[in-house]
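Lettering of chains follows the sequences in order, A, B, ..., and the numbering in each one begins at 1.
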2 protein chains.
Amino acid sequence: MPATIRDVARASGVHISTVSRTFSAPHLVNPETRVRVLACAEDLGYRPNRAARALITGRTHNIGLIIADIANPFFPPLIKAAEGQARHRDYHVFVADTNEDASAEEELVHALAKQVDGVLLCSPRMSNSLIEQVSREVPVVVINRQVAGLPCVVMDVGQGARSAIEHLLGLGHRRIALLGGPRGSWTNREIRRAAGAAARSGGAELTLLGPNPPTETGGGAQAEQVRRSGVTAVLAYNDLMAIGLIEGLDQLGLRVPEDVSVVGVDDIALSRLTRPKLTTVATPTAAAGRTAVDMLLQHDSEPRPRGGGRAAAVGDRRTTAQVMLQTELVIRDSTGPAPGSGRTRPGGTSEGPGPHRRADPGGPTGATGGAVAS
Amino acid sequence: MPATIRDVARASGVHISTVSRTFSAPHLVNPETRVRVLACAEDLGYRPNRAARALITGRTHNIGLIIADIANPFFPPLIKAAEGQARHRDYHVFVADTNEDASAEEELVHALAKQVDGVLLCSPRMSNSLIEQVSREVPVVVINRQVAGLPCVVMDVGQGARSAIEHLLGLGHRRIALLGGPRGSWTNREIRRAAGAAARSGGAELTLLGPNPPTETGGGAQAEQVRRSGVTAVLAYNDLMAIGLIEGLDQLGLRVPEDVSVVGVDDIALSRLTRPKLTTVATPTAAAGRTAVDMLLQHDSEPRPRGGGRAAAVGDRRTTAQVMLQTELVIRDSTGPAPGSGRTRPGGTSEGPGPHRRADPGGPTGATGGAVAS
DNA sequence: GCTCGTGCTGCAAAGGTTTGCAGCGAAGAA
DNA sequence: TTCTTCGCTGCAAACCTTTGCAGCACGAGC
């Protein structure tokens, strides 16, 4: 039913190539012809078929964004930032959700592969080797994971976890639990590694709880375990789990931060709305989205080898840089002195100004994170 | 760089049509040939180009889902449900976010048009006539809006608003504010209409505040207005605004529900986490997602007229049914007796069992909503 | 021995677009 | 007048698949 270029050509009495040029290279066609063609096109409701165009140009002007769980409020700022950046470069973003499922992830990459010029793989659950394999089918930038030979943008959660543990140590905590995230998460491994090292060097004991689904429910489900383990502080894989845990502890009659201190990771908007407000490791989510788009599109303007047109797609011959963005501990109300440590609570911290206050959420802070190697 | 069907044909010494059949109609090719072809394909990492396939079959097996604001927690359950339903039918869902912007919305429909078999337009901000226009380019199902001649699925927010107002009237409130949502929202109009009627027939005064952006910030920004207006209860366009408003009132020293009662709409997960827990109109979000996918794909199995292949796409000749799903008032802790009304608070309601307790979030409750007309 | 059916494969058109090249007419230069 | 140049347009190949039709070889039935 929709009109094709041929219909427009017929209606305006010119060759299809002239119609094509009317849209993609207007300066090459006689003004009079142009207006006539445009009129006919308007009349017939003609829109160039982007799929057909992509078939020959090798450019779709779309990018795919694959997300582990769209319901996790961690992602929307990243998505929005990516979309904004893409829009500047005249690209559209298609988002797909994998439900934390590795095989769905792979399937979606294939589904998207030829409809986009590249894919942003955000917090992938696939194995590294599988990522490498799919990256041969379509240009990929990985977010929240380092995989050798591929362009990546990660947050320095190691540093964040270290700061969190040090913060807890400073409050007198010596028995700390790490509420682990999902299996297959790079972030999870990094946090575990860094938190373990920091605890050890601070003379504290670190109990590992997990893996768990990275959701409120996943956090809440471990409340009983936390109580039984007798720890006085918990570092959670993310804010959602931290919030769920606080709820769970509450139902068990444990108060936060009086009985147990809780630290999250991500600094989602929600962490400012719950009571107590959450102490958390802020990650530059928006900056990550922007950076990833830039990396994917960095060779966009380069002339592409014509002939065979067969899409040496965007980002081909890309320098496989790896970028690490800085994180920052934001101290709010969910952490306090360890019970029985004799310390008193440092006055109502709650985001007062000071070294820990976060400058500009998702702003340049993170974007300046140094590029690393390769 | 990626292998094409031609490469596989060359490598396995058969014609490309045989390779094609190996994938799309295996029973038509000799088992020996088949294994040889499959081996070569595997070897070369060949994947059929879905864009090229779509060009000729007229089916992409993708559906587009256009969302006003992906950061609004109202949408993820709908997205997830749509994805699940689509997956059953062997479809993938591509999500796009419009940032509440009508023109971005239109642009995205065009970007998606030829890459998907149909589009779910969720809470559109476009004008009805524009929706009608784009629906000529690609099959569309509209969610959260009724537009004549197009298949729609809406929630009965009118009924919900009525229940909410009646609930407030029952608590003795006589001066109520309606915290309006974004311009161009069908839901907003429905709520206003129904709430206005209910208030009038209950002898209450309804103050309109808005339009506002449907976010926490948008809600919080009206806190001062709410105080000044002297109302004792507020019905907000959605939960996010309700929560933002509660925060804002809190900062002005007004307590909820002691000083002001607040009701939201949507019953997002967050509304159970804030203090006080939010009284709200639960909408069957997941059911809406599922239903919309079903409506879009209902003629999927029908044989398609071959010849010209030009995609009398999915859902063509669709019966343009309009479905309305039921809503339900969920009473939690953000509503109480009007100050000075002499009434006392009915004991700790908070989701106890009873007529208002919600059965199964997004479950069959809503899915059974009756089909209506046309 | 001939016909027919069956099982497999090749041929070529079709789908909607872009783009290098060639052609054409007119205007300007020699 | 003849040769260029220039501005515009048409031609046809190419992108990667799918699919109706035809062709081929072979075995069975008469």
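Scanning all heavy atoms of the two residues, the minimum distance from B:Leu297 to B:Arg89 falls at O-NH1, 3.6 Å.
Atom P of nucleotide C:dT19 and atom CD1 of A:Ile56 are separated by 6 Å, given to the nearest angstrom. Atom CZ in A:Phe23 sits about 13 Å away from atom C1' in C:dG16, given to the nearest Å. If you take CG of B:Leu55 and P of C:dT17, they are 9 Å apart, rounded to a whole angstrom. Going from atom CD of B:Gln115 over to atom P of C:dT17 covers 13 Å, rounded to whole Å. The separation between B:Ile5 atom CD1 and D:dA14 atom P is 18 Å, rounded to whole Å. Rounded to an integer number of Å, the gap from CD of A:Glu32 to C1' of D:dG7 is 13 Å. Nucleotide C:dT19 holds its P atom 11 Å from the CZ atom of A:Arg59, rounded to whole Å. Between the CZ atom of A:Arg53 and the C1' atom of C:dG16 there is a distance of 11 Å, rounded to whole Å.
Along DNA chain D, the nucleotide nearest to B:Thr18 and the one nearest to B:Ala52 differ in position, and the one closer to the 5' end is contacted by B:Ala52. Residues A:Ser17 and A:Pro31 both approach DNA chain D. Their nearest nucleotides, taken by heavy-atom distance, put A:Pro31 toward the 5′ side.
If you check D:dG10, C:dT9, C:dT18 against the side chain of B:Thr33, the one that comes closest is C:dT9. In this structure, of C:dG16, C:dT19, D:dT17, it is D:dT17 that holds the atom nearest to the side chain of B:Tyr46. Among D:dT17, C:dT9, C:dG16, the nucleotide with an atom closest to any side-chain atom of B:Asn49 is D:dT17. Distance from the side chain of A:His15 is smallest for D:dC11 among the nucleotides C:dG16, D:dC11, C:dT9. You'll find that the side chain of B:Ile16 is closest to D:dT18, out of C:dG16, D:dT18, C:dC8. Closest to the side chain of A:Arg6, from the set C:dC11, C:dG15, C:dT17, is C:dT17.
Here B:Arg34 lies out of heavy-atom contact (under 4.0 Å) with every strand.
The closest donor-acceptor contact from the side chain of A:Glu105 to the backbone of A:Arg125 lies under 3.5 Å. Remark: the backbone N or O of B:Leu150 is paired with a side-chain donor or acceptor of B:Gln322 at under 3.5 angstrom. At distances below 3.5 Å, at least one donor-acceptor pair connects side-chain atoms of B:Asp117 with backbone N or O atoms of B:Thr60.
Side chains of B:Asp294 and B:Gln85: a donor on one and an acceptor on the other come within 3.5 Å.
For B:Arg21 and C:dG10, a side-chain-to-base donor-acceptor distance below 3.5 Å is present, hydrogens and geometry of angles not being considered.
Contact check, B:Ser20 against D:dT18: a side-chain N or O comes under 4.0 Å of OP1 or OP2.
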